[in-house]
Structures are given as C-alpha cells and as structure tokens.
Enquirer: 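Dropping the structure in here first, questions after.
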Amino acid sequence: MRASLVVFLLGCSPAPVRLAVDVGGVPRALDAFPRIVCGDVDAAPADPVAPQTPQSPEVRAAVDATRAPLEEALRSRDEAALKAAVCQLRTSLGRWRGVPDAVASYTPVGPEALPTDDAVRVVEQALSAQLGREVWHTQPSTSGADVHRPLRDVCELARTEALGIALVPARRAEIERSLRVGLSWLLAVQRPDGLFPFPDLEDEFEADRAACERRSGAERAECERSLAGNPARLVKGIKQAIVDRGAPLDEFFRDGWFIKDPLPNGNDGGLQFDNGVCGEALLIAGVVLDDPALVSAARRAATWARAQALAPNWNYNAFSVRLMAWQALVDGDAGLGEAALDKAWWGILPGQLANGRWVDGHNARVVYHVILTASLAPLLPHAGERRTAITSALEAALASYADELAAAKGTAGDDRGIRALVETAATRPLADGERAALDRLRRNAISTSGPRVSSVVDLLLAERRAHPLVNRLSSALDR
C-alpha cells in the first residue's frame with residue numbers, strides 16, 4: 001500500500017516518474033550499529049543488481065527457506081538464533097541485499113516553497129472545502145461488509161483534520177463538528193480487544209483484478225502493478241491458509257472484518273498496519289481535543305499492539321512500535337515505552353544493513369523504508385542505554401533516504417518521510433543531507449494549488465513549534 005495519502009482534493013502536482021535509482025548507500029561506521037553484524041557476508045557485492053531486478057529461482061528458494069528460522073528466532077527472542085537467521089538471509093540474498101524489489105515513483109521537485117503563513121492559508125482553504133464530504137458521512141454501518149477501503153485511509157484523514165485544528169484554531173468548531181462524526185464511527189468499529197481491524201476486501205480485489213484483465217498493453221501493466229500493491233490481495237491467501245489448516249474462518253473473520261492474524265507462530269503482522277495508523281490518529285485527536293475517551297481508545301490499540309508477536313516483515317512491527325512509543329510519551333508510561341523499545345530491538349533493527357537500508361527487497365522499497373525510519377525518533381525518550389543504537393539506526397536510515405532523493409532529483413514516500421525528518425529535527429539538528437531532503441519534500445508538499453500530502457500539516461505545525469506530539473518529544477529529551 002502506498003504510504004502517502006492524498007487527503008486533499010484541491011491540489012495538483014507534477015506527474016510522478018519511475019526511475020531506477022541506485023539506493024545502495026555507503027556502509028556507515030556508527031556506534032552500536034548495525035544491530036546484527038555478519039562479518040564477510042556484509043561486504044558490498046562487487047556486482048550489485050539494479051532495483052527491481054528479478055531474483056533467480058535459486059535465490060528465491062534460499063530466501064524462502066530462511067523465513068521459518070527467522071520467525072522462530074523472533075518468537076523465542078534467542079539472540080544467537082536471530083543472528084544465525086539474519087545472517088543466513090543476507091547470505092541467501094547475496095547481490096540482492098538491500099535492493100528494492102520495485103522501482104519507486106518520484107515526483108520532480110517543485111518550485112520554491114511557499115512561506116509558512118501562505119501555506120497555512122492554503123491548508124485552511126483545503127480543510128474547509130472537504131468538511132462534510134469525508135467518507136464517514138456516507139458510511140452506512142460499522143459492518144466490514146459495508147467498508148470498501150482499509151481503515152488506514154479513514155484514519156489518516158482523521159489525523160489530518162485533528163492536526164488541522166491545532167494549525168488553524170480559529171476553525172476549530174467547524175472542523176471538530178465534521179471530525180467528531182468520523183471519530184465516533186472509528187470508536188464503534190474498534191474491537192473489544194483494542195484492535196482497529198481490516199475489512200474483508202476479497203470481493204473488491206477480485207473485481208479490480210477482473211478490471212485489469214479487460215485492459216491491454218501499458219494500461220494493463222500499470223493496473224497489475226497497482227494491484228500487486230493493493231493490501232486487499234492478501235485476504236484471499238489468508239483465508240485459504242486458514243482453510244488448509246482446518247481452522248474455522250469465523251475465528252479470524254467476523255462481521256466482514258479480519259480480526260486475528262492466522263500464522264502458526266501467532267502473527268503474520270498485517271493487522272498492525274491499520275491498527276497503528278488508527279491508534280495514532282485517535283491519540284492525536286484526543287490530545288488536540290483534550291478528550292480522555294479518544295486517548296483511552298488509542299491506549300487500547302497500543303495495548304493490542306504490545307501483545308502481538310513479532311512479524312518477519314519488519315515494517316509491520318514498525319506501526320506498533322510507533323504507536324506504543326507515542327502513547328507511552330503521552331501517558332508517561334515507562335513500561336509501555338520499554339515494550340516499544342523491545343519490539344524495535346528485536347523486530348526492526350535486526351533487518352537493517354550498514355548502509356541504513358533494510359535487507360529484503362520489500363522493506364528496501366522507499367515506501368517501507370520511510371515507515372521503518374519513522375518509528376525510530378519517537379523511541380528516543382524510552383531508549384535508555386540503547387539510545388546510541390537507536391540514534392545511529394535513525395542516522396543511517398535518513399542518510400540513505402536523503403541520498404536517494406538527491407539522486408532522483410525528486411521525492412517519494414513523502415508523507416512518512418516528512419514525519420521522520422520533522423520528528424528527528426525535534427531531537428537534534430538535521431544534517432546537511434537531511435535538511436536538503438526536507439526542503440525537497442516541503443516544496444512538493446504544498447503549492448498555491450493546494451496541499452498534495454497529509455503530512456504538510458505536521459510540517460507547518462513543526463515550523464510554528466505547535467505540533468502536539470513533536471513538542472512533547474522535544475520536551476522529553478530536554479529533561
């Protein structure tokens with residue numbers, strides 16, 4: 001699923017371009033980094049492959065064989081087993097270590113950025129134009145059968161409107177009236193265990209696939225590319241796996257919602273995505289509106305996230321880590337902060353290479369790279385003796401991202417790239433490359449035509465030193 005959500009309908013931007021940018025990066029010598037060191041296996045290959053180069057069947061088979069040992073090492077939190085599994089994965093990938101398995105779409109960098117006050121006025125106009133037209137105003141029920149898109153989309157919009165109240169307090173009453181409808185609906189769909197579930201989108205996916213098959217040539221290729229990134233594609237396979245195991249479907253799917261991950265080791269991890277996004281949205285809304293019920297709903301989502309087994313897909317864990325870290329900061333909950341750090345220590349950092357990229361082709365994609373990167377800065381107040389390791393991991397990840405944007409002369413992964421950089425800037429001065437990357441992202445985030453990505457609100461609030469979570473992060477590290 002594409003990381004950025006185009007919340008506003010008024011903006012327009014240059015068409016994205018697909019470029020096979022070399023994102024290998026330079027191995028970095030940083031303190032307590034990387035988390036796992038594999039010796040000669042980590043040496044840069046003499047003949048690296050380009051992004052999106054298909055792996056040979058032999059490489060794919062070798063990589064697939066590492067999944068079970070990795071799952072078991074994550075389940076048991078056995079350091080020796082984890083190192084063995086991670087180093088075997090790096091060995092199996094060979095020349096494909098840290099190479100994205102899909103080429104990113106880069107948006108060419110726009111003209112000079114709007115001054116903050118002008119940008120705020122553009123955002124205010126866009127917010128006013130969308131009020132009353134949000135998806136929740138036409139949502140007929142809380143049954144998953146009536147929901148045709150992942151909750152992450154709804155929650156990103158709710159997050160943006162909540163931050164919009166902080167950015168434009170004069171419009172609070174107007175924005176809040178519309179936002180409250182969406183927040184009430186989200187509270188109603190949250191499961192008793194705290195989970196914000198995923199709708200059963202199998203029928204929607206099958207309809208999209210049939211539409212692709214009716215196309216031809218370049219249109220069909222682009223349609224199939226989009227289909228491959230559609231999160232709904234996973235539902236049919238998950239159902240089949242459940243049936244093959246002889247387990248009852250209603251243990252995992254209920255009322256049109258996917259409510260429990262089914263893999264034998266406890267957690268495929270996919271449900272952490274929407275739960276993390278929605279929990280963060282409710283937390284921000286609760287802080288901005290000073291509403292304990294919303295903060296409590298976010299806390300329940302964080303509690304669900306805390307209980308989840310680690311997933312071998314590193315970016316799934318990142319959504320839980322980020323939510324838990326923010327919730328711990330708002331609540332002053334040291335135990336939850338320690339749990340977030342532990343989940344990152346085992347479920348995020350082991351997959352990172354010395355060049356800052358994550359080892360497998362999926363998580364090396366820029367969209368997932370920035371998701372992983374954005375989980376790190378909120379951890380710093382909870383990091384304790386591991387603060388140097390988290391700081392180094394963040395530095396390396398941002399350096400790789402900044403180098404990629406510079407090479408592409410464009411931007412990609414903008415929403416979470418902006419968040420990662422804004423949050424990092426609250427913890428320390430940005431390095432030159434990081435500042436240049438944030439400048440590129442800002443120029444592409446907003447123009448006189450309107451905002452292009454939702455995180456422009458985060459950026460403008462940070463520029464005004466008024467972000468309700470980022471300010472807490474900065475204050476916590478100043479203590």
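Model, not experiment: these values are computed from the prediction.
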Enquirer: Salt-bridge test for Glu224 and Arg215: reply yes if a basic N is under 4.0 Å from a carboxylate O, no otherwise.
Expert: no
Enquirer: Please give me the minimum heavy-atom distance between Ala298 and Gly279, naming the atom from each residue.
Expert: CB-O, 3.3 Å
Enquirer: Show the nearest heavy-atom pair for residues Gly164 and Leu127, with the distance to one decimal.
Expert: CA-CD1, 3.8 Å
Enquirer: Under the criterion salt bridge (Lys or Arg N to Asp or Glu O under 4.0 Å), I'd like the reasoning laid out for Arg435 against Asp432: C-alpha separation, chi angles, the key distance, then a yes or no.
Expert: CA-CA 5 Å; Arg435 283 198 305 272; Asp432 290 346; 2.3 Å; yes
Enquirer: Any salt bridge linking Glu156 with Arg149? Criterion: basic side-chain nitrogen under 4.0 Å from a carboxylate oxygen.
Expert: no
Enquirer: Any salt bridge (charged side-chain N to carboxylate O under 4.0 Å, His left out) pairs touching residues 317-330, not counting sequence neighbours?
Expert: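 Output for this query lists Glu280-Arg322, Arg322-Glu423.
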Enquirer: Any side-chain to backbone donor/acceptor pair from Gln308 onto Gln272? Under 3.5 Å, distance only.
Expert: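 No; judged by distance alone, with no hydrogens or angles, the pair does not exist.
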Enquirer: One thing to verify: whether Arg209 and Glu206 come together as a salt bridge, which I'm taking to mean a side-chain N less than 4.0 angstrom from a carboxylate O.
Expert: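 Yes.
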Enquirer: Before you tell me yes or no, could you show the steps for Leu151 and Cys278 under side-chain contact (heavy atoms from CB on, under 4.5 Å), namely the whole-Å CA-CA distance, both residues' side-chain angles and the distance that decides it to 0.1 Å?
Expert: CA-CA 7 Å; Leu151 285 186; Cys278 291; 3.8 Å; yes
Enquirer: Please report the shortest heavy-atom distance between Trp96 and Pro54, naming the atom on each side.
Expert: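 Looking at all heavy atoms of both residues, the closest pair is CZ2-O, 3.4 Å.
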Enquirer: Of all the heavy-atom pairs spanning Ala158 and Leu186, show the shortest one and how long it is.
Expert: CB-CD1, 4.3 Å
Enquirer: Closest approach of Leu19 and Tyr106, non-hydrogen atoms and distance?
Expert: O-CE1, 3.4 Å
Enquirer: Do the side chains of Glu404 and Arg440 get close enough for a salt bridge, i.e. N-O under 4.0 angstrom?
Expert: no
Enquirer: Which heavy-atom pair separates Ala119 from Ile446 by the least distance, and what is that distance?
Expert: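 Where Ala119 meets Ile446 most closely, the heavy atoms are O-CD1, 3.4 Å.
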Enquirer: Among side-chain atoms of Glu161 and Ser178, is any donor-acceptor pair under 3.5 angstrom?
Expert: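 There is no such pair (donor and acceptor under 3.5 Å, judged by atom type) between the side chains of Glu161 and Ser178.
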Enquirer: Pair Met324, His382 - check side-chain contact (heavy atoms from CB on, under 4.5 Å), show working.
Expert: CA-CA 11 Å; Met324 292 163 63; His382 317 295; over 6 Å; no
Enquirer: Listed by chain and number, what are the side chain to side chain contact (heavy atoms under 4.5 Å, CB included) partners of Thr424, not counting sequence neighbours?
Expert: Ala377, Leu394, Leu398, Thr427, Arg428, Leu430
Enquirer: How would you list, by chain and number, every residue that makes a side-chain hydrogen bond (donor to acceptor under 3.5 Å, both in side chains) with Glu176, sequence neighbours excluded?
Expert: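 Scan of Glu176 (side-chain hydrogen bond (donor to acceptor under 3.5 Å, both in side chains), adjacent residues dropped) gives Arg172, Arg180.
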Enquirer: Donor-acceptor check, side chain of Arg97 to backbone of Val41, threshold 3.5 angstrom: yes or no?
Expert: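 Looks like yes, one N/O pair under 3.5 Å.
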Enquirer: Listed by chain and number, what are the side-chain hydrogen bond (donor to acceptor under 3.5 Å, both in side chains) partners of Thr411, not counting sequence neighbours?
Expert: Asp414, Asn444
Enquirer: For His362, what residues pass the side chain to side chain contact (heavy atoms under 4.5 Å, CB included) criterion, not counting sequence neighbours?
Expert: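 Asp101, Asn313, Asn315, Asp360, Arg365, Tyr368.
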Enquirer: Are Asp117 and Arg121 close enough for a salt bridge, meaning some N to O gap below 4.0 Å?
Expert: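 Not counted as a salt bridge, because no side-chain N and carboxylate O are separated by less than 4.0 Å.
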Enquirer: State which residues pass ring-ring contact (aromatic ring centres under 6.0 Å, His included) with Phe319; sequence neighbours excluded, sorted by chain then number.
Expert: Phe273
